[in-house]
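I have placed the structure first, in the form of structure tokens, so that the comments after it can refer back to it.
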Amino acid sequence: MKKLLVTGGAGFIGVNFVHYTVKNKPEYEITVLDNLTYAGEEHNLDPVKGKVKFVKGDITDAELVNSLVADCDVVVHFAAESHNDNSLSNPWPFVHTNLIGTYTILEAVRKYSKRLHHISTDEVYGDLEIGSPERFTEDTPYNPSSPYSSTKAGSDLLVRAWVRSFGVEATISNCSNNYGPYQHIEKFIPRQITNVLSGNKPKLYGSGEQVRDWIHVDDHNSAVHVIIEKGKIGETYLIGASGEKNNKDVVETILETMDKPKDDYEHVADRPGHDARYGIDSSKLQTELGWKPKYTDFKAGLADTIAWYQENEWWWKPCKDKVENRYKKQGQ
Ligand code: NAD
Ligand code: DAU
């Protein structure tokens with residue numbers, strides 16, 4: 001058995017990673033470290049209860065992090081403040097968790113000589129022109145736009161420095177926009193699904209022409225396993241499944257799938273500094289490590305995600321009003 005320490009394992013991608021690992025990789029014994037911010041819920045781990053150890057704690061708590069890292073083989077570091085809009089209204093938690101938290105993890109894996117995989121985002125590369133054929137590669141220069149993406153960029157650079165200066169055994173992956181079950185309803189796709197389920201109109205920021213490169217969360221997580229198993233220390237791998245779509249098309253697909261008129265949405269205030277387009281070239285991961293995405297039919301993956309929110313109203317309903325009131329104050 002190999003011992004995995006999963007930070008942020010009660011949030012969206014982390015909890016899907018834990019579920020995926022329990023189901024498909026029985027060789028791993030898992031401990032989750034998560035301080036349960038507004039974005040993490042311990043009950044997300046109920047489907048794997050008894051199979052996973054949960055520790056409630058902060059990744060900036062060096063003593064706790066050291067004791068957990070000392071007792072594991074591999075750290076998979078998902079924990080972060082993850083929402084761009086929140087980083088615009090209050091950047092401090094982003095600086096604290098994404099930078100100081102990652103620093104704390106790095107010092108622990110350095111001290112105990114443990115393998116680290118750092119989870120990051122394509123947003124570190126800034127944005128691309130809408131309609132251009134260009135896509136991000138591992139060589140694209142860093143050019144983050146928001147407090148969120150700049151703290152993620154900073155965390156990646158810390159990892160790179162700890163590899164080069166201290167010989168820490170780490171890999172990094174930068175993934176595009178994930179969708180799937182357990183995603184917080186502040187995010188684009190679940191916000192619109194739960195708006196329709198609540199009898200409200202989906203809300204498009206600005207023109208709605210911005211493009212995101214959608215990937216199913218299980219494809220992200222299968223790629224993370226491939227990198228943990230076969231990735232080269234010190235390397236960065238981009239994860240994406242060629243799922244570029246503009247926001248308007250995504251909203252229309254949600255409405256059609258939910259049997260509503262496809263123009264039944266409204267435009268709201270744009271996000272300041274809104275990135276125009278993300279697009280990932282994942283050839284390095286595919287050719288060097290042999291990874292392939294499974295969910296290549298976005299409409300089918302989206303229909304499954306809609307069904308999950310329909311069947312799990314208990315999961316999202318309690319925070320819907322709070323999320324919408326916050327957006328309302330921002331004109332969104
Ligand atoms: P999320 O906000 O849903 O979950 C984050 C989790 O981290 C939560 O459970 C939260 O409680 C926990 N956490 C936050 N601060 C913590 C702290 N100080 N100590 C311990 N735990 C803490 O985020 P997500 O969407 O699941 O993203 C996970 C990771 O993947 C992040 O690193 C994010 O940058 C990256 N990422 C996300 C996407 C995406 O589309 N959501 C795409 C690419 C990369
Ligand atoms: O690219 C990876 C990143 O994807 C991750 O690093 C982030 O953690 C994750 O939150 C996501 O960032 P985005 O800012 O792209 O995701 P978000 O869901 O907030 O918004 C997706 C797009 O939809 C974006 O262009 C803004 C737009 N949007 C968002 C909301 C919440 C709307 O049009 N209406 C909305 O109500």
Side-chain angles (χ1 to χ4, degrees), residues 6-17 32-42 44-45 55-61 64-65 76-87 93-94 96-98 100-102 104-105 118-125 127 136 144-146 148-149 151-152 155-156 173-180 182-192 195 202-215 217 220-221 224 239-240 245-248 250-251 265-271 274-280 323-324 327 330 332:
V6 180
T7 73
F12 165 48
I13 305 176
V15 86
N16 278 288
F17 178 81
V32 168
L33 171 62
D34 197 302
N35 70 345
L36 305 180
T37 66
Y38 77 96
E41 298 283 357
E42 192 176 348
N44 290 346
L45 292 163
V55 178
K56 182 170 188 256
D58 200 298
I59 56 163
T60 62
D61 177 345
L64 175 65
V65 167
V76 192
H77 177 33
F78 289 94
E81 284 292 337
S82 70
H83 194 43
N84 275 298
D85 293 320
N86 297 344
S87 81
F94 291 76
H96 185 248
T97 289
N98 301 355
I100 300 172
T102 302
T104 309
I105 302 276
H118 174 65
I119 305 291
S120 193
T121 169
D122 58 356
E123 295 192 15
V124 300
Y125 299 113
D127 59 355
F136 298 135
S145 315
S146 73
Y148 163 66
S149 51
T151 55
K152 289 299 291 187
S155 70
D156 294 6
S173 55
N174 298 79
C175 188
S176 59
N177 286 62
N178 287 219
Y179 71 96
Y182 297 97
Q183 185 166 33
H184 195 281
I185 58 164
E186 68 189 349
K187 301 293 201 297
F188 179 53
I189 287 181
R191 183 181 183 209
Q192 314 317 334
N195 275 348
K203 317 274 186 229
L204 269 181
Y205 291 178
S207 68
E209 275 155 18
Q210 295 78 13
V211 173
R212 295 294 181 266
D213 190 352
W214 293 100
I215 182 172
V217 65
H220 182 178
N221 286 328
V224 170
I239 306 175
K245 277 161 197 59
N246 77 28
N247 295 337
K248 192 164 153 289
V250 173
V251 159
Y265 59 82
E266 60 193 19
H267 292 273
V268 293
D270 207 351
R271 173 184 285 171
H274 199 169
D275 279 342
R277 175 182 156 238
Y278 307 139
I280 291 262
V323 168
E324 290 307 317
Y327 276 126
Q330 294 164 192
Q332 294 175 319

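We count ligands from 1, going down the list as the structure has it; atoms in each ligand are counted the same way. Just so you know, these numbers come straight off a predicted model, no measurement behind them.
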Quick one: pull up CD in Gln183 and CZ in Arg191 and give me the separation to the nearest 0.5 Å. 13.5 Å
Might you work through the ring pair (Phe, Tyr, Trp, His ring centres under 6.0 Å) test for Tyr265 and His267, ending with a clear yes or no? CA-CA 7 Å; Tyr265 59 82; His267 292 273; 5.6 Å; yes
Under 3.5 Å donor-acceptor, Asp122 side chain and Asn174 backbone: no
Pairwise side-chain contact, Val32 with Phe17, heavy-atom cut-off 4.5 Å (strictly under): no
What I want to know is whether Phe188 and ligand 2 share at least one N or O pair that is separated by under 3.5 angstrom. yes
Output the list of atoms in ligand 2 that are nearer than 4.0 Å to some heavy atom of Tyr278, sorted by atom number. 1 (O), 15 (O)
Among non-hydrogen protein atoms, atom 15 (O) of ligand 2 lies closest to Arg212 NE, 2.7 Å
Within-cut-off N or O pair, Glu186 and ligand 2, under 3.5 Å: no
At less than 4.0 angstrom from any non-hydrogen atom of Lys203, what atoms of ligand 2 do you find? 32 (C), 33 (O), 34 (N), 35 (C), 36 (O)
Does Lys187 approach ligand 2 within less than 4.0 angstrom via side chain, backbone, both or neither, non-hydrogen atoms only? both
Could you grab the distance from atom NE2 of His96 to atom CD of Glu81, nearest 0.5 Å is fine? 10.5 Å
Any His118 side-chain heavy atom under 4.5 Å of Phe78 side chain: no
Looking only at protein heavy atoms, which one is nearest to atom 1 (O) of ligand 2, and how far off is it? Asp122 OD1, 2.5 Å
Using a strict cut-off of 4.0 Å, indicate which atoms of ligand 2 neighbour a heavy atom of His83. 19 (O)
Looking only at protein heavy atoms, which one is nearest to atom 19 (O) of ligand 2, and what is the separation? Arg271 NH2, 2.8 Å
With a 4.5 Å cut-off on side-chain heavy atoms, are Thr97 and Ile59 touching? yes
In terms of atom number and element, which parts of ligand 2 are under 4.0 angstrom from non-hydrogen atoms of Gln192? 34 (N), 35 (C), 36 (O)
Tell me, which protein residue and heavy-atom name are nearest atom 24 (C) of ligand 2, and how many Å apart are they? His274 NE2, 3.5 Å
Arg191 heavy atoms, cut-off 4.0 Å: which ligand 2 atoms fall inside? 35 (C), 36 (O)
Does Tyr179 have Arg212 sitting over its ring (NZ/CZ under 6.0 Å from centre, angle to axis within 45°)? no
In the protein, what heavy atom is nearest to atom 27 (C) of ligand 2, and what distance, to one decimal place, separates them? Asn247 ND2, 3.5 Å
Where on Lys152 is there a heavy atom closer than 4.0 Å to ligand 2, on the side chain, on the backbone, on both, or on neither? neither
Per-atom filter on ligand 2: closer than 4.0 angstrom to a heavy atom of Thr121 are 1 (O), 2 (C), 3 (C), 5 (C), 6 (O)
Closest approach of Val224 and Val76, non-hydrogen atoms and distance? CG1-CG1, 4.0 Å
Quick one: does Tyr205 get an N or O within less than 3.5 Å of an N or O on ligand 2? yes
N or O contacts of ligand 1 with protein under 3.5 Å, please list pair by pair.
from: ligand 1; atom 1: 2 (O); to: Ser82; atom 2: OG; distance (Å): 2.7
from: ligand 1; atom 1: 3 (O); to: Phe12; atom 2: N; distance (Å): 3.2
from: ligand 1; atom 1: 9 (O); to: Gly11; atom 2: N; distance (Å): 2.9
from: ligand 1; atom 1: 9 (O); to: Asp34; atom 2: OD1; distance (Å): 3.3
from: ligand 1; atom 1: 9 (O); to: Asp34; atom 2: OD2; distance (Å): 2.5
from: ligand 1; atom 1: 11 (O); to: Asp34; atom 2: OD1; distance (Å): 2.6
from: ligand 1; atom 1: 11 (O); to: Thr37; atom 2: N; distance (Å): 3.0
from: ligand 1; atom 1: 11 (O); to: Thr37; atom 2: OG1; distance (Å): 3.1
from: ligand 1; atom 1: 18 (N); to: Asp58; atom 2: OD1; distance (Å): 3.0
from: ligand 1; atom 1: 18 (N); to: Thr97; atom 2: OG1; distance (Å): 3.0
from: ligand 1; atom 1: 19 (N); to: Ile59; atom 2: N; distance (Å): 3.0
from: ligand 1; atom 1: 21 (N); to: Asn35; atom 2: N; distance (Å): 3.2
from: ligand 1; atom 1: 21 (N); to: Asn35; atom 2: OD1; distance (Å): 3.2
from: ligand 1; atom 1: 23 (O); to: Ser82; atom 2: OG; distance (Å): 3.2
from: ligand 1; atom 1: 26 (O); to: Phe12; atom 2: N; distance (Å): 3.4
from: ligand 1; atom 1: 26 (O); to: Ile13; atom 2: N; distance (Å): 2.8
from: ligand 1; atom 1: 32 (O); to: Phe78; atom 2: O; distance (Å): 2.9
from: ligand 1; atom 1: 32 (O); to: Lys152; atom 2: NZ; distance (Å): 2.7
from: ligand 1; atom 1: 34 (O); to: Tyr148; atom 2: OH; distance (Å): 2.6
from: ligand 1; atom 1: 34 (O); to: Lys152; atom 2: NZ; distance (Å): 3.1
from: ligand 1; atom 1: 40 (O); to: Asn178; atom 2: N; distance (Å): 2.9

Using a 4.5 Å cut-off on heavy atoms from C-beta on, say whether the side chain of Tyr327 contacts that of Val268. no
Among all protein heavy atoms, pick the one closest to atom 8 (O) of ligand 2 and tell me residue, atom and distance. Ser82 O, 2.7 Å
Nearest protein heavy atom with distance in Å, relative to atom 4 (O) of ligand 2: Asn177 ND2, 3.1 Å
Residue, atom and distance of the protein heavy atom nearest atom 3 (C) of ligand 2 read Glu123 OE2, 3.0 Å
So, taking the atom named OG in Ser146 and the one named NZ in Lys152, what distance separates them when rounded to the nearest 0.5 Å? 11.5 Å
Can you say whether the rings of Tyr148 and Phe94 are parallel (under 30°), tilted (30 to 60°) or perpendicular (over 60°)? perpendicular
Need the ligand 2 atom indices (1-based, order shown) with element for anything under 4.0 Å from a heavy-atom of Tyr327. 31 (C)
Which word best sums up how the rings of Tyr278 and Phe136 line up, parallel for under 30°, tilted for 30 to 60°, or perpendicular for over 60°? tilted
Without swapping roles, check the side chain of His77 against the backbone of Thr7 for a donor-acceptor pair under 3.5 Å. no
Out of Tyr148, Tyr125, Tyr265, who is nearest to atom 5 (C) of ligand 2 when you count heavy atoms only? Tyr148
Using a 3.5 Å distance criterion without hydrogens, assess whether the side chain of Asn246 forms a donor-acceptor pair with backbone atoms of Val211. no
Do Lys245 and Trp214 have side-chain heavy atoms sitting under 4.5 Å apart? yes
